Amino acid sequence: VQSKSNSIILKATVSIMAAITINALNFSAISSISNIPIIYLILIIATPIQFWAGSHFYTSAWKALKYYRSNMQTLIATGTSTAYFYSLLITIINPSTENTVYFEASTAIIGIVLIGRYIEEKSRIKVSNAINTLISLQPMTALITKDGKEYPIKIDSLSIGDVVIIKPGDRLPSDGKVLHGHSWVNESAITGESIEIEKMGHSEVFAGSLNTNGTFIYEVTKLTKDSLFSKIIDELIKIQGSKIPVQKLVDKISNIFVPTIILLAIVVALLWIILPNDVNYGHVISTSVSVLIIACPCALGLATP
């Protein structure tokens, strides 16, 4: 996960730097370098950003397309590809920075959305670290007493009704109820509260808690896998692998939005072919492309994660 996060931030940084460089070249007074139009240099900068940094959007869009669906990645892939290939066409026809090209738009959108993905991956890393920390708090064995004798057993072998001895410095292997003894227990792994809680006869205790000073005996009331501590870990794992509701909503909207925008761009192109007396096909392309570019939801790509 960490390597994936590093890869994303590298691509995002390069994309943003490329967008800034392209903007600087667009506004510079230099029209060519060694008789090579500056637009070719811009094309060289934009191309790896489109297909290297933006590769995730293409793969995700293709996976969705195989199931006849579209998502937010489809919108970004469509919008940036339209901007790039339209600009490429203009560059081939007439290589001049005076023409309207959108190389800086495609690179900037990719960079901005990748920043959003980086934020999302960093959140996943934090959750993974939290899960690993919680798992490390779970003891491997428990000391039970039976017929006046003490036996260490694996926590997975604990049964409801078993009597467990907890000594100073021990972590509780399961939920239960105190039978004998008196102590103070740190339940921060469960509640986040670092203040120790007093435990005595009939007090409830929870797996993952740390016994600090006294010794007590408690009866197991829940199996380790059914403890509150285990449920917290299970929920974190489930959350880590799932989408938040707003992401699901965005994907549902995208499934309708993508074909609608493509259809609208086609309608715009047809109108500019049908309505004018003298058809300007350059204008037809630019207006329909503008619809696709403007519809690209770079704000959603950044905000949703």
Side-chain angles (χ1 to χ4, degrees), residues 1-20 49-65 67 69-80 106-138 186-194 206-210 225 227-255 257-258 295-305:
V1 177
Q2 183 65 53
S3 60
K4 184 179 178 181
S5 175
N6 292 338
S7 173
I8 291 170
I9 193 60
L10 172 64
K11 290 179 178 181
T13 304
V14 172
S15 301
I16 294 297
M17 289 177 66
I20 293 170
I49 301 302
Q50 187 66 39
F51 300 107
W52 168 67
S55 59
H56 163 76
F57 307 119
Y58 288 109
T59 54
S60 179
W62 173 247
K63 287 176 183 177
L65 185 61
Y67 295 98
R69 297 185 65 83
S70 56
N71 53 29
M72 191 170 66
Q73 316 306 328
T74 311
L75 282 172
I76 295 162
T78 303
T80 57
S106 61
T107 53
I109 288 169
I110 289 171
I112 291 169
V113 177
L114 284 174
I115 289 172
R117 283 201 65 219
Y118 173 71
I119 294 168
E120 187 174 13
E121 288 302 321
K122 289 295 286 185
S123 299
R124 289 184 187 277
I125 291 171
K126 287 182 180 180
V127 174
S128 294
N129 292 339
I131 291 170
N132 292 332
T133 301
L134 287 174
I135 290 173
S136 69
L137 297 179
Q138 227 168 9
N186 185 326
E187 296 181 344
S188 59
I190 303 294
T191 64
E193 177 55 69
S194 60
F206 303 97
S209 302
L210 175 66
K225 64 181 181 66
S227 68
L228 179 61
F229 188 69
S230 293
K231 287 180 179 178
I232 289 172
I233 294 174
D234 290 342
E235 283 299 317
L236 281 173
I237 293 172
K238 190 187 299 181
I239 288 167
Q240 187 187 32
S242 65
K243 289 185 177 181
I244 59 173
V246 69
Q247 283 180 310
K248 292 179 181 178
L249 177 62
V250 168
D251 283 345
K252 285 181 180 178
I253 293 171
S254 300
N255 199 39
F257 188 65
V258 172
C296 183
C298 51
L300 282 178
L302 177 62
T304 303

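Not measured: the values here are computed from a predicted model.
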**Study point:** Short side-chain to backbone donor-acceptor contact, Ser60 and His56, under 3.5 Å
**Key:** no
Practice item. Would you mind reporting whether Ile110 and Thr107 have side-chain heavy atoms less than 4.5 Å apart? Key: no
Point to revise | Close side-chain approach of Phe57 to Gln50, heavy-atom, < 4.5 Å | key: no
Point to revise | Donor-acceptor under 3.5 Å (Thr78 side chain, Thr74 main chain) | key: yes
Review point. Distance from Ser15 atom OG to Leu114 atom CG, nearest 0.5 Å?
Key: 5.5 Å
Exercise for review: Check whether any side-chain heavy atom of Val113 lies under 4.5 Å from a side-chain heavy atom of Thr80, and answer yes or no.
Suggested key: no
Point to revise | Trp62 CH2: over 12 foreign heavy atoms closer than 6.0 Å | key: no
Study note, to complete from the structure: When rounded to the nearest 0.5 Å, the distance separating NZ of Lys122 from CD1 of Ile9 is 9.0 Å
Revision key, fill the gap. Interatomic distance, OG@Ser5 vs CG@Leu10, rounded to 0.5 Å, equals 11.0 Å
Review point. Considering all heavy atoms of both residues, which atom of Ala189 and which atom of Gly208 are nearest to each other, and what is their separation?
Key: CB-O, 3.8 Å
Revision key, fill the gap. dist Ile190:CD1 -> Ser209:OG (nearest 0.5 Å) comes out at 5.5 Å
Review point. Of all residues at least two apart in sequence or in a different chain, which pass the side-chain contact (heavy atoms from CB on, under 4.5 Å) check with Thr191?
Key: Glu187, Glu193
Scan the side chains in residues 227-235 for donor-acceptor partners under 3.5 Å anywhere in the protein, sequence neighbours excluded, and list what turns up.
unit_1 : atom_1 : unit_2 : atom_2 : d
Ser227 : OG     : Thr224 : O      : 2.9
Ser227 : OG     : Ser230 : N      : 3.2
Ser227 : OG     : Ser230 : OG     : 3.2
Ser230 : OG     : Gln138 : NE2    : 3.4
Ser230 : OG     : Thr224 : O      : 2.7
Glu235 : OE2    : Lys238 : NZ     : 3.4

Point to revise | Closest non-hydrogen atom pair, Leu134 against Leu236 | key: CD1-CD1, 3.5 Å
